[in-house]
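Working notes for the structure below.
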Amino acid sequence: KKIVAALAALAICAAALVAPALAQDKKYTIALIPGLTTDGFYITMRKGAQAAADALGVTLVFQGAPDFNPVTQVPVLDAVIAKKPDAILIAPTDKVQLVEPLRKAHDAGIPVITVDTFIGSGVYQTGAGEADFPLSYIASDNILGGEIAARALAKAIGDKGKVYVSNVKPGISTTDQREEGFKKEMAANHPGITVLETQFNDNDANKAASQLQAVFARNPDLVGVFGANLFSALGAANGVQQAGQTGTVKVVAFDAPTSIVDNINTGLVDVAIAQHPAEIGYFGVVSAYAHLTGQSIPVAIGTGFTIMDKANIADPNISKYLYSE
Ligand code: T6T
(Lines give C-alpha, C1' and ligand atoms only; values in the text may rest on other atoms or scores of the structure.)
Protein backbone atom coordinates (compact mmCIF):
# COMPACT_ATOMS: atom_id res chain seq x y z
CA LYS A 1 0.00 0.00 0.00
CA LYS A 2 2.82 2.34 1.03
CA ILE A 3 4.61 1.74 -2.23
CA VAL A 4 1.45 2.48 -4.24
CA ALA A 5 0.89 5.70 -2.29
CA ALA A 6 4.49 6.74 -2.79
CA LEU A 7 4.29 6.03 -6.49
CA ALA A 8 1.06 8.01 -6.74
CA ALA A 9 2.66 10.96 -4.92
CA LEU A 10 5.64 10.75 -7.24
CA ALA A 11 3.35 10.73 -10.27
CA ILE A 12 1.52 13.85 -8.99
CA CYS A 13 4.84 15.65 -8.42
CA ALA A 14 6.06 14.67 -11.88
CA ALA A 15 2.77 15.86 -13.43
CA ALA A 16 3.06 19.16 -11.58
CA LEU A 17 6.57 19.64 -12.92
CA VAL A 18 5.64 18.72 -16.47
CA ALA A 19 2.30 20.55 -16.68
CA PRO A 20 3.64 24.12 -16.80
CA ALA A 21 6.19 23.10 -19.37
CA LEU A 22 3.42 21.60 -21.50
CA ALA A 23 1.32 24.76 -21.16
CA GLN A 24 4.24 26.86 -22.33
CA ASP A 25 4.97 24.54 -25.22
CA LYS A 26 1.40 24.59 -26.49
CA LYS A 27 1.35 25.80 -30.05
CA TYR A 28 -1.52 28.24 -30.35
CA THR A 29 -3.42 28.83 -33.57
CA ILE A 30 -4.84 32.31 -34.05
CA ALA A 31 -7.14 33.07 -36.97
CA LEU A 32 -7.21 36.50 -38.63
CA ILE A 33 -10.34 37.20 -40.68
CA PRO A 34 -9.92 40.43 -42.69
CA GLY A 35 -12.65 42.62 -44.17
CA LEU A 36 -11.55 41.26 -47.54
CA THR A 37 -8.41 39.49 -48.74
CA THR A 38 -7.41 41.65 -51.72
CA ASP A 39 -6.96 44.99 -49.97
CA GLY A 40 -3.51 46.42 -49.22
CA PHE A 41 -4.78 47.51 -45.82
CA TYR A 42 -5.49 43.93 -44.70
CA ILE A 43 -2.47 42.51 -46.54
CA THR A 44 -0.33 44.87 -44.45
CA MET A 45 -2.24 43.93 -41.30
CA ARG A 46 -1.49 40.27 -42.04
CA LYS A 47 2.25 41.05 -42.28
CA GLY A 48 2.23 42.65 -38.84
CA ALA A 49 0.22 39.74 -37.45
CA GLN A 50 2.66 37.25 -38.98
CA ALA A 51 5.64 39.10 -37.46
CA ALA A 52 4.10 38.76 -34.00
CA ALA A 53 3.12 35.13 -34.65
CA ASP A 54 6.71 34.31 -35.67
CA ALA A 55 8.09 36.02 -32.59
CA LEU A 56 5.72 34.11 -30.29
CA GLY A 57 5.76 30.73 -32.03
CA VAL A 58 2.07 31.00 -32.88
CA THR A 59 0.44 29.61 -36.03
CA LEU A 60 -1.45 32.35 -37.86
CA VAL A 61 -4.31 31.41 -40.17
CA PHE A 62 -5.44 34.17 -42.55
CA GLN A 63 -8.82 33.44 -44.08
CA GLY A 64 -11.24 35.90 -45.63
CA ALA A 65 -13.72 36.70 -48.36
CA PRO A 66 -12.96 38.37 -51.69
CA ASP A 67 -15.24 41.33 -51.01
CA PHE A 68 -16.21 43.50 -48.04
CA ASN A 69 -19.61 42.05 -47.28
CA PRO A 70 -21.23 40.25 -44.31
CA VAL A 71 -22.91 37.84 -46.73
CA THR A 72 -19.52 36.47 -47.76
CA GLN A 73 -17.71 37.04 -44.46
CA VAL A 74 -20.11 35.07 -42.24
CA PRO A 75 -19.54 31.70 -44.02
CA VAL A 76 -15.79 32.25 -43.68
CA LEU A 77 -16.27 32.92 -39.97
CA ASP A 78 -18.41 29.78 -39.59
CA ALA A 79 -15.72 27.70 -41.30
CA VAL A 80 -13.05 29.17 -39.01
CA ILE A 81 -15.14 28.49 -35.88
CA ALA A 82 -15.58 24.86 -37.01
CA LYS A 83 -11.80 24.46 -36.99
CA LYS A 84 -11.69 25.63 -33.34
CA PRO A 85 -8.73 28.02 -33.37
CA ASP A 86 -7.47 29.21 -29.99
CA ALA A 87 -8.54 32.80 -30.75
CA ILE A 88 -10.16 34.80 -33.54
CA LEU A 89 -9.09 38.25 -34.70
CA ILE A 90 -11.66 39.70 -37.07
CA ALA A 91 -12.51 42.92 -38.90
CA PRO A 92 -16.32 42.66 -38.83
CA THR A 93 -17.83 43.98 -42.05
CA ASP A 94 -20.99 45.24 -40.32
CA LYS A 95 -21.58 46.60 -36.80
CA VAL A 96 -24.88 44.73 -36.43
CA GLN A 97 -24.83 41.79 -38.82
CA LEU A 98 -21.70 40.21 -37.34
CA VAL A 99 -22.93 40.23 -33.73
CA GLU A 100 -24.81 36.90 -33.75
CA PRO A 101 -22.28 35.07 -35.95
CA LEU A 102 -19.48 36.17 -33.60
CA ARG A 103 -21.49 35.19 -30.53
CA LYS A 104 -21.25 31.60 -31.84
CA ALA A 105 -17.47 31.79 -31.52
CA HIS A 106 -17.77 33.29 -28.05
CA ASP A 107 -20.27 30.61 -26.98
CA ALA A 108 -17.89 27.95 -28.29
CA GLY A 109 -15.25 29.32 -25.91
CA ILE A 110 -13.13 30.97 -28.61
CA PRO A 111 -11.88 34.41 -27.52
CA VAL A 112 -12.78 37.14 -30.02
CA ILE A 113 -10.81 40.36 -30.60
CA THR A 114 -11.93 42.80 -33.28
CA VAL A 115 -9.35 44.61 -35.37
CA ASP A 116 -9.97 47.70 -37.53
CA THR A 117 -13.77 47.57 -37.24
CA PHE A 118 -16.01 46.84 -34.25
CA ILE A 119 -19.43 45.37 -33.48
CA GLY A 120 -22.14 47.08 -31.42
CA SER A 121 -20.84 50.29 -29.91
CA GLY A 122 -17.23 49.12 -29.95
CA VAL A 123 -17.02 49.46 -26.17
CA TYR A 124 -16.41 45.93 -24.92
CA GLN A 125 -16.42 44.05 -21.61
CA THR A 126 -18.84 46.43 -19.92
CA GLY A 127 -21.52 43.89 -19.04
CA ALA A 128 -23.94 46.08 -20.92
CA GLY A 129 -25.41 45.58 -24.34
CA GLU A 130 -25.56 42.54 -26.56
CA ALA A 131 -22.24 42.98 -28.31
CA ASP A 132 -19.72 43.63 -25.55
CA PHE A 133 -18.25 40.09 -25.51
CA PRO A 134 -15.11 40.68 -27.61
CA LEU A 135 -12.07 41.06 -25.39
CA SER A 136 -10.50 44.00 -27.15
CA TYR A 137 -10.80 46.44 -30.07
CA ILE A 138 -7.56 47.34 -31.83
CA ALA A 139 -7.81 50.07 -34.44
CA SER A 140 -7.23 53.63 -35.62
CA ASP A 141 -9.27 56.40 -34.03
CA ASN A 142 -11.58 56.79 -37.00
CA ILE A 143 -13.50 59.83 -35.75
CA LEU A 144 -10.18 61.63 -35.34
CA GLY A 145 -9.19 60.39 -38.81
CA GLY A 146 -12.29 62.03 -40.27
CA GLU A 147 -11.51 65.27 -38.47
CA ILE A 148 -7.95 65.23 -39.81
CA ALA A 149 -9.35 64.68 -43.31
CA ALA A 150 -11.73 67.62 -42.92
CA ARG A 151 -8.97 69.96 -41.77
CA ALA A 152 -6.72 68.86 -44.64
CA LEU A 153 -9.45 69.34 -47.23
CA ALA A 154 -10.48 72.70 -45.76
CA LYS A 155 -6.89 73.89 -46.01
CA ALA A 156 -6.55 72.64 -49.60
CA ILE A 157 -9.66 74.52 -50.76
CA GLY A 158 -9.02 77.78 -48.89
CA ASP A 159 -11.82 77.03 -46.40
CA LYS A 160 -14.70 77.57 -48.80
CA GLY A 161 -16.82 75.78 -51.39
CA LYS A 162 -18.68 72.53 -51.98
CA VAL A 163 -17.31 69.12 -51.05
CA TYR A 164 -18.69 65.64 -50.43
CA VAL A 165 -17.73 62.32 -48.85
CA SER A 166 -17.19 59.28 -51.06
CA ASN A 167 -18.00 56.40 -48.73
CA VAL A 168 -18.51 52.62 -48.79
CA LYS A 169 -21.91 51.86 -47.24
CA PRO A 170 -23.62 52.61 -43.94
CA GLY A 171 -23.11 50.10 -41.11
CA ILE A 172 -19.31 49.81 -41.26
CA SER A 173 -17.92 51.18 -37.99
CA THR A 174 -14.73 52.67 -39.43
CA THR A 175 -16.11 54.48 -42.44
CA ASP A 176 -19.23 55.62 -40.54
CA GLN A 177 -16.97 57.20 -37.93
CA ARG A 178 -14.72 58.85 -40.52
CA GLU A 179 -17.75 60.49 -42.10
CA GLU A 180 -19.00 61.51 -38.65
CA GLY A 181 -15.66 63.08 -37.70
CA PHE A 182 -15.40 64.83 -41.08
CA LYS A 183 -18.87 66.36 -40.85
CA LYS A 184 -18.44 67.32 -37.20
CA GLU A 185 -15.21 69.20 -37.93
CA MET A 186 -16.70 70.92 -40.99
CA ALA A 187 -19.83 72.01 -39.11
CA ALA A 188 -17.88 73.23 -36.07
CA ASN A 189 -14.98 75.06 -37.67
CA HIS A 190 -15.50 75.64 -41.38
CA PRO A 191 -18.66 77.69 -42.00
CA GLY A 192 -17.63 78.53 -45.57
CA ILE A 193 -17.74 74.88 -46.64
CA THR A 194 -20.91 73.10 -47.80
CA VAL A 195 -20.87 69.31 -47.42
CA LEU A 196 -23.08 67.77 -50.13
CA GLU A 197 -24.85 64.42 -49.78
CA THR A 198 -22.57 61.40 -49.23
CA GLN A 199 -22.15 59.02 -52.17
CA PHE A 200 -22.00 55.30 -51.29
CA ASN A 201 -19.98 53.12 -53.67
CA ASP A 202 -20.10 49.59 -52.10
CA ASN A 203 -16.28 49.51 -52.02
CA ASP A 204 -16.24 49.71 -55.83
CA ALA A 205 -13.67 52.22 -57.11
CA ASN A 206 -15.32 52.37 -60.56
CA LYS A 207 -18.61 53.32 -58.96
CA ALA A 208 -16.85 55.97 -56.89
CA ALA A 209 -15.30 57.41 -60.09
CA SER A 210 -18.69 57.59 -61.87
CA GLN A 211 -20.25 59.17 -58.81
CA LEU A 212 -17.57 61.87 -58.75
CA GLN A 213 -18.39 62.76 -62.33
CA ALA A 214 -22.14 62.78 -61.64
CA VAL A 215 -21.71 65.02 -58.58
CA PHE A 216 -19.45 67.33 -60.59
CA ALA A 217 -22.01 67.46 -63.43
CA ARG A 218 -24.67 68.57 -60.93
CA ASN A 219 -22.25 70.90 -59.08
CA PRO A 220 -19.69 72.42 -61.47
CA ASP A 221 -18.47 74.49 -58.50
CA LEU A 222 -17.42 71.33 -56.61
CA VAL A 223 -13.98 71.94 -55.06
CA GLY A 224 -13.21 68.86 -53.01
CA VAL A 225 -13.88 65.25 -52.09
CA PHE A 226 -12.96 63.06 -49.13
CA GLY A 227 -12.46 59.40 -50.07
CA ALA A 228 -13.24 57.63 -46.79
CA ASN A 229 -11.30 54.42 -47.54
CA LEU A 230 -8.84 53.03 -50.05
CA PHE A 231 -11.31 52.17 -52.84
CA SER A 232 -13.45 55.28 -52.30
CA ALA A 233 -10.35 57.47 -52.49
CA LEU A 234 -8.78 55.82 -55.53
CA GLY A 235 -12.13 55.88 -57.31
CA ALA A 236 -12.82 59.52 -56.46
CA ALA A 237 -9.32 60.49 -57.63
CA ASN A 238 -9.83 58.62 -60.92
CA GLY A 239 -13.14 60.41 -61.32
CA VAL A 240 -11.45 63.79 -60.84
CA GLN A 241 -8.85 62.88 -63.44
CA GLN A 242 -11.47 61.61 -65.91
CA ALA A 243 -13.42 64.84 -65.45
CA GLY A 244 -10.25 66.79 -66.31
CA GLN A 245 -10.31 68.47 -62.89
CA THR A 246 -6.92 67.44 -61.50
CA GLY A 247 -5.78 70.11 -59.05
CA THR A 248 -9.12 71.96 -59.29
CA VAL A 249 -11.19 69.42 -57.39
CA LYS A 250 -9.00 68.57 -54.38
CA VAL A 251 -8.84 65.01 -53.07
CA VAL A 252 -8.11 63.91 -49.52
CA ALA A 253 -7.66 60.15 -49.35
CA PHE A 254 -8.00 57.79 -46.42
CA ASP A 255 -5.50 54.90 -46.67
CA ALA A 256 -2.20 54.62 -48.48
CA PRO A 257 -1.79 52.03 -51.24
CA THR A 258 1.52 52.40 -53.13
CA SER A 259 -0.28 53.98 -56.11
CA ILE A 260 -1.10 56.96 -53.90
CA VAL A 261 2.54 58.13 -54.27
CA ASP A 262 2.05 58.89 -57.97
CA ASN A 263 -1.29 60.52 -57.26
CA ILE A 264 0.30 62.78 -54.65
CA ASN A 265 3.26 63.62 -56.87
CA THR A 266 1.05 64.53 -59.84
CA GLY A 267 -1.18 66.69 -57.63
CA LEU A 268 -4.27 64.51 -58.11
CA VAL A 269 -4.37 63.72 -54.37
CA ASP A 270 -3.48 66.47 -51.90
CA VAL A 271 -3.24 64.45 -48.72
CA ALA A 272 -3.36 60.74 -47.87
CA ILE A 273 -4.05 59.61 -44.32
CA ALA A 274 -2.21 56.34 -43.82
CA GLN A 275 -3.37 54.04 -41.07
CA HIS A 276 -0.92 51.67 -39.38
CA PRO A 277 -2.44 48.28 -40.23
CA ALA A 278 0.74 46.32 -39.50
CA GLU A 279 0.59 47.64 -35.93
CA ILE A 280 -3.05 46.57 -35.67
CA GLY A 281 -2.17 43.03 -36.78
CA TYR A 282 0.90 42.83 -34.54
CA PHE A 283 -0.91 43.95 -31.42
CA GLY A 284 -3.89 41.77 -32.32
CA VAL A 285 -1.74 38.63 -32.17
CA VAL A 286 0.16 39.81 -29.09
CA SER A 287 -3.11 40.55 -27.28
CA ALA A 288 -4.62 37.18 -28.17
CA TYR A 289 -1.45 35.41 -27.04
CA ALA A 290 -1.34 37.37 -23.80
CA HIS A 291 -4.92 36.39 -23.08
CA LEU A 292 -4.31 32.74 -23.94
CA THR A 293 -1.33 32.60 -21.61
CA GLY A 294 -3.21 34.07 -18.68
CA GLN A 295 -2.40 37.78 -18.89
CA SER A 296 -5.04 40.48 -18.78
CA ILE A 297 -5.22 42.66 -21.87
CA PRO A 298 -6.40 46.22 -22.64
CA VAL A 299 -10.02 46.46 -23.77
CA ALA A 300 -8.98 48.89 -26.51
CA ILE A 301 -5.72 49.70 -28.26
CA GLY A 302 -5.51 52.77 -30.50
CA THR A 303 -3.04 52.93 -33.36
CA GLY A 304 -1.91 56.07 -35.14
CA PHE A 305 -1.87 57.79 -38.51
CA THR A 306 0.79 59.13 -40.84
CA ILE A 307 -0.27 62.10 -42.92
CA MET A 308 1.30 62.05 -46.39
CA ASP A 309 1.58 64.92 -48.85
CA LYS A 310 3.87 66.17 -51.60
CA ALA A 311 6.27 67.74 -49.10
CA ASN A 312 7.01 64.53 -47.14
CA ILE A 313 6.16 61.52 -49.33
CA ALA A 314 9.79 60.96 -50.38
CA ASP A 315 10.94 60.71 -46.74
CA PRO A 316 11.53 57.02 -45.88
CA ASN A 317 10.17 57.61 -42.37
CA ILE A 318 6.88 58.54 -44.03
CA SER A 319 6.85 56.20 -47.03
CA LYS A 320 7.45 53.18 -44.78
CA TYR A 321 3.77 53.50 -43.87
CA LEU A 322 2.64 52.85 -47.46
CA TYR A 323 0.66 49.60 -47.57
CA SER A 324 1.99 46.32 -48.96
CA GLU A 325 0.39 44.74 -52.01
O1 T6T B 1 -9.94 51.73 -44.67
C2 T6T B 1 -9.66 50.37 -44.53
C3 T6T B 1 -10.35 49.86 -43.30
O4 T6T B 1 -9.96 50.63 -42.19
C5 T6T B 1 -11.87 49.94 -43.47
O6 T6T B 1 -12.51 49.39 -42.37
C7 T6T B 1 -12.31 49.27 -44.75
O8 T6T B 1 -11.59 49.76 -45.85
C9 T6T B 1 -10.17 49.63 -45.76
O10 T6T B 1 -9.84 48.27 -45.66
C11 T6T B 1 -9.50 50.16 -47.02
O12 T6T B 1 -10.00 49.55 -48.15
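All ligand and atom numbering here is 1-based and tracks the order in the structure. Throughout, residue positions are numbered sequentially from 1 according to the sequence presented.
Comparing F231, Y323, Y42, F41 against atom 7 (C) of ligand 1, the shortest heavy-atom distance belongs to Y42. When the heavy atoms of D39, D176, L36, L230 are ranked by distance to atom 9 (C) of ligand 1, first place goes to D39.
If you look at F254 next to ligand 1, there are no close heavy atoms at all, none under 4.0 Å. Counting heavy atoms under 4.0 Å from ligand 1, residue V168 does not touch it at all.
Residue contact annotation: R178 has a non-hydrogen atom under 4.0 Å from ligand 1.
Any N or O atom pair closer than 3.5 Å counts here, and Q275 shares at least one such pair with ligand 1.
More than 12 non-hydrogen atoms from other residues, nucleotides or ligands lie less than 6.0 angstrom from CD of Q242.
Paired with D39 under the rule side-chain contact (heavy atoms from CB on, under 4.5 Å), one option of I43, T37, L36 passes, and it is L36.
Near T117, with a cut-off below 4.0 Å to any heavy atom, the atoms of ligand 1 are 6 (O). Short contacts between ligand 1 and T174, defined as distances under 4.0 Å to a heavy atom of the residue, involve ligand atoms 5 (C), 6 (O).
In terms of protein heavy-atom proximity, atom 8 (O) of ligand 1 is nearest to N229 ND2, 3.0 Å. When only non-hydrogen protein atoms are considered, atom 1 (O) of ligand 1 lies nearest to D255 OD2, 2.6 Å.
Connection of F231 to V71 is not established within any shared hydrophobic cluster, with ILVMFWY side chains joined at heavy-atom distances below 4.5 Å, either directly or through further cluster members.
The aromatic rings of Y28 and Y289 sit perpendicular, their planes meeting at an angle over 60°, well past the 30° parallel limit.
Counted by atom type alone, Q73 and N69 present zero donor-acceptor pairs between their side chains at under 3.5 Å. A donor atom on one side chain and an acceptor atom on the other are found under 3.5 Å apart for N229 and N203.
Ring centroids of F305 and H276 are separated by 6.0 Å or more, keeping the two rings apart.
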